[in-house]
Amino acid sequence: MSKDTITTYDWMPEAREMAAQCWCDKRVEDRVMDVEFAEVIAERIAAWMQTAAQHHRNADYYRGLVERCGKAIGNRAHICDDGSRSEDVLCAKVPEIIEADYTETHTEE
């Protein structure tokens, strides 16, 4: 399977567990669990978990693009503010390096 292949994960087992745990909360532990209501809650939780997972995949994708740019820049993208060198690309440095390089060589009139 390619690293770019997105596999759909079923979040419902974890979501059901979270929904069921709500009835263990001290504020409502005296109540009988409503299974149908717990399932509705679990569906909502699973949807949020899927949204969070997609957001994480998106963030990883764009971070990967910034890292690629940093690798192309070279050593400057690894230099910390204190002058030490990081093994990894410092993603926050990449935009300022590109802005500095771009404005120095390409000024708009």
Value rounded to 0.5 Å, distance of CD1 in Ile98 from SG in Cys69: 5.0 Å
For Gln50, all residues meeting side chain to side chain donor-acceptor pair (under 3.5 Å), sequence neighbours excluded: Trp11
Closest non-hydrogen atom pair between Val89 and Val66, with its separation: CG1-O, 4.5 Å
Side-chain (His78) to main-chain (Leu90) donor-acceptor, under 3.5 angstrom: no
Arg57 CZ to His55 NE2 distance, which is reported to the nearest 0.5 Å: 11.5 Å
Pairwise side-chain contact, Asp81 with Lys93, heavy-atom cut-off 4.5 Å (strictly under): yes
Qualifying residues under side chain to side chain donor-acceptor pair (under 3.5 Å), relative to Glu96, sequence neighbours excluded: none
Spatial distance of atom CG (Leu65) from atom CZ (Arg68) [nearest 0.5 Å]: 6.0 Å
Cluster check Met49, Val40: I/L/V/M/F/W/Y, side chain < 4.5 angstrom: no
Thr103 side chain vs Glu99 backbone, donor-acceptor pair below 3.5 Å: yes
Neighbour count >12 (heavy atoms, 6.0 Å) for atom CZ, Arg27: no
Heavy-atom closest pair, residues Ala77 and Val94: CB-CG2, 4.4 Å
Derivation of the salt bridge (charged side-chain N to carboxylate O under 4.0 Å, His left out) call for Arg63 and Glu67: CA-CA 6 Å; Arg63 179 179 181 81; Glu67 287 174 343; 3.2 Å; yes
Rounded distance [0.5 Å steps], OG in Ser84 versus CD1 in Ile79: 7.5 Å
Heavy-atom neighbours of Glu29 CD exceed 12 at 6.0 Å: yes
Interatomic distance, Arg31 atom CZ to Phe37 atom CZ [nearest 0.5 angstrom]: 10.0 Å
In one Ile/Leu/Val/Met/Phe/Trp/Tyr side-chain cluster, 4.5 Å: Met33, Ile41: yes
Approximate separation, where rounding is to 0.5 Å, of Glu39 CD and Met12 CE: 4.0 Å
Nearest non-hydrogen partners of Ala42 and Ala15, listed with the distance: O-CB, 3.2 Å
